[in-house]
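Here's the structure, in structure tokens; my notes come after.
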2 protein chains.
Amino acid sequence: MFEQLVCSFWMVFNRGMNNADRHRLIAQAVKDSGSATVPDLAGLTGASEMTIRRDLDTLAAQGVLERFRGGARTLLLRGQEPPFALRAHEALDAKRRIAAEVARLIADGETVLLDSGTTCLDVARLLHGRAVTVMPLSLQAIHTLSDAAPATTLVVPGGRPRSGEGALTGPLTLASLAALRFDTAILGCCGLSAAEGVTAYDLDDAAVKKAIIASTRRVIAAADGSKLGRTAHAYVGPSSLVHTLVTDTSAAAEEVAALEQAGTAVITA
Amino acid sequence: MFEQLVCSFWMVFNRGMNNADRHRLIAQAVKDSGSATVPDLAGLTGASEMTIRRDLDTLAAQGVLERFRGGARTLLLRGQEPPFALRAHEALDAKRRIAAEVARLIADGETVLLDSGTTCLDVARLLHGRAVTVMPLSLQAIHTLSDAAPATTLVVPGGRPRSGEGALTGPLTLASLAALRFDTAILGCCGLSAAEGVTAYDLDDAAVKKAIIASTRRVIAAADGSKLGRTAHAYVGPSSLVHTLVTDTSAAAEEVAALEQAGTAVITA
DNA sequence: CTTTTCAAACACAAGACATGTTCGTTACGA
DNA sequence: TCGTAACGAACATGTCTTGTGTTTGAAAAG
């Protein structure tokens, strides 16, 4: 009887479940326990085993997990960044609010450098059709803006895209950045704190972020509350390099205060 | 009565009409007579006036024509290249066969430069997943190959995309080409003849093609029969720069012979 | 001010997509 | 080597998106 109740609850709960939601649920379950079997996941999500297998194939192709016969195990190491495809569906509201605030800070006619990351991708969507010149550092943002001409001018940097992420890195990217100057950079940082400064998950990424900062007059960082006070692997520079930080209400007050102390203007969207 | 016959013929004829087909038909009609009214086009295509208006808006956004109240007029000057969105749906079979032949000429492990154009886009589709390193010079091809990792290595050149076309040009593109060397280039030429050499519609494009040729050991030109013997505006170089030409059966025999005389190997797909 | 053209709103049909089921094939363990 | 479990392909079903046509009110041209 209780079983039935739970079951019907799931059914109702799952009415609005998108396949992206199910993917997140599966990825979370696999990450938490290290591995999971197909029947387990089918029970958890209420979907059939065939659907779970298809999902696992998709997630394996995204590099989220590794298939084995009967289930899947996690590939994510502790402290590593979850793949782009999953992050894109997390904290949607916060990202969207932050992106809207960032877009408001951009004036028409400006030249803008757009970093990689999910929040910056949202900014790209809002910049679509605006009278600005944009050089995005991710394939996704380039694609988003590719049909925005002639109002929006798109400049493509060279580089090698990181798998899954779409972030452009490498010598070609650095050369493109070195050859140009911009009014404003939108930086999507992985970690930001007054004590540890701006940090990125990846060394190549950190090099690109350094070059971004060197090529622009004004640096705007877009980071939801979870990024504040966090420290990632690769050091980019002190937090004072960031002129303006746009974050959301989940940001820790003491960290915000410390950043403001260090000279960064903080806007809570 | 004859009217009815014609009408029913159109109805039958239009059964399989895609909206791309209708777009081509409309663009052709507008180009041929310089301008056309909405009711005219509705009669011609068998679609409603509302659909025609939507089509005209789409085509106007693509730069094919210019709207005016009640109809549209052509924007294409004599001898100018029709826009990408239309070319993409012309001579599909020939393009596909040519692309297949070109893809067969590429060996695994090669580094490949991929020019812009519709035929090269088809080559990109066939290269997807192959164990090659590709640097495409169009946004569309980049997008096509963006999820081909890790088997296929994608390198993105810098540059500014030409509106509609997606072809990357400008100093950033030339710099990217100058910094790298490739085994094979797939050149999509606008005009090719033994007498006039390789020609492009656009000056910037011609500069890029020159740089492409300078950066590669082997140049393969992909051009359907209509391009042979034709001359476009901007000169790229003599036909002898092209080591191999892949074309289709519609190619004029004397032009093929002349190109072979000049040192180009010709493959008819 | 009248007529024509347009665009937004709604309705409808066709196709695409996601999901579940069945069944034959493959891989692992006893 | 055999038996069982897992898998993938093929098909069926329901839902959702997309394209198209119709209607109606608004805007523009004369």
Side-chain angles (χ1 to χ4, degrees), chain A residues 7-8 10-27 29-30 33 35-62 64-74 85-86 88-89 125 129 144 147, chain B residues 7-8 10-27 29-30 33 35-62 64-73 85-86 88-89 92 125 129 144 147:
Chain A
C7 189
S8 72
W10 266 118
M11 289 300 117
V12 171
F13 183 80
N14 286 354
R15 273 288 160 270
M17 183 154 79
N18 206 359
N19 81 11
D21 293 331
R22 197 180 54 243
H23 285 180
R24 260 220 317 289
L25 198 58
I26 292 172
V30 171
S33 50
S35 70
T37 69
V38 171
D40 282 354
L41 294 167
L44 175 69
T45 60
S48 74
E49 299 195 358
M50 194 59 223
T51 300
I52 296 296
R53 286 198 199 95
R54 284 191 269 244
D55 289 342
L56 291 181
D57 288 345
T58 305
L59 291 167
Q62 290 172 355
V64 180
L65 45 79
E66 188 186 21
R67 284 302 313 268
F68 62 83
R69 194 170 179 81
R73 73 177 64 86
T74 185
L86 288 181
H89 296 280
R125 293 200 186 99
T144 299
D147 59 344
Chain B
C7 189
S8 71
W10 265 118
M11 287 303 114
V12 171
F13 184 81
N14 287 354
R15 273 286 162 270
M17 184 152 79
N18 207 357
N19 81 12
D21 293 331
R22 198 179 54 244
H23 284 181
R24 258 217 321 287
L25 200 57
I26 292 172
V30 171
S33 50
S35 70
T37 69
V38 170
D40 282 355
L41 293 169
L44 174 69
T45 59
S48 74
E49 300 196 358
M50 194 59 225
T51 300
I52 297 296
R53 288 200 195 93
R54 284 190 269 242
D55 289 343
L56 291 180
D57 289 345
T58 304
L59 291 167
Q62 290 173 354
V64 181
L65 44 79
E66 188 186 21
R67 282 303 313 265
F68 62 81
R69 196 173 179 77
R73 74 175 63 86
L86 288 182
H89 296 281
L92 281 175
R125 293 200 187 98
T144 299
D147 59 343

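So you know, we letter chains A, B, ... as the sequences are listed, proteins then strands, and number each from 1.
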Over how many whole Å does the gap from A:F68 atom CZ to C:dG29 atom P extend? 12 Å
If the threshold is 4.0 Å, N to carboxylate O, is there a salt bridge linking B:D21 and B:R24? yes
Step by step, work out the side chain to side chain contact (heavy atoms under 4.5 Å, CB included) result for B:V64 and B:H23. CA-CA 10 Å; B:V64 181; B:H23 284 181; over 6 Å; no
For B:T45 and B:T51, run side chain to side chain contact (heavy atoms under 4.5 Å, CB included): C-alpha distance rounded to whole Å, both residues' side-chain angles, the deciding distance at 0.1 Å, then the answer. CA-CA 10 Å; B:T45 59; B:T51 300; over 6 Å; no
Here the distance between atom P of C:dT19 and atom NE2 of A:H23, to the nearest Å, is 7 Å
Rounded to whole Å, how long is the line connecting atom CG of B:D55 with atom P of D:dT18? 17 Å
Are any of B:R67's side-chain N or O atoms less than 4.0 Å away from OP1 or OP2 of C:dT5? no
Atom CG of B:L41 to atom P of C:dC6: distance rounded to whole Å? 11 Å
Can you tell me if the side-chain N/O atoms of A:R54 get under 4.0 Å from OP1 or OP2 in D:dC7? no
Rounded off to whole Å, could you give me the CG-to-C1' distance for the B:D57 and C:dC6 pair? 10 Å
Ignoring backbone atoms, test whether B:R69 places a side-chain nitrogen or oxygen under 4.0 Å from the OP1 or OP2 oxygen of D:dA27. no
In this structure, CG of A:L59 is separated from CG of A:L65 (nearest 0.5 Å) by 5.0 Å
In whole Å, I'd like the distance from the CE atom of A:M50 to the P atom of D:dA9. 8 Å
How many Å lie between CG on B:D40 and P on C:dT4, as a whole number? 16 Å
Does OP1 or OP2 of D:dG21 have a side-chain N or O of B:T51 closer than 4.0 Å? yes
Mind calculating the distance between CZ (A:R53) and C1' (C:dT25) to the nearest angstrom? 13 Å
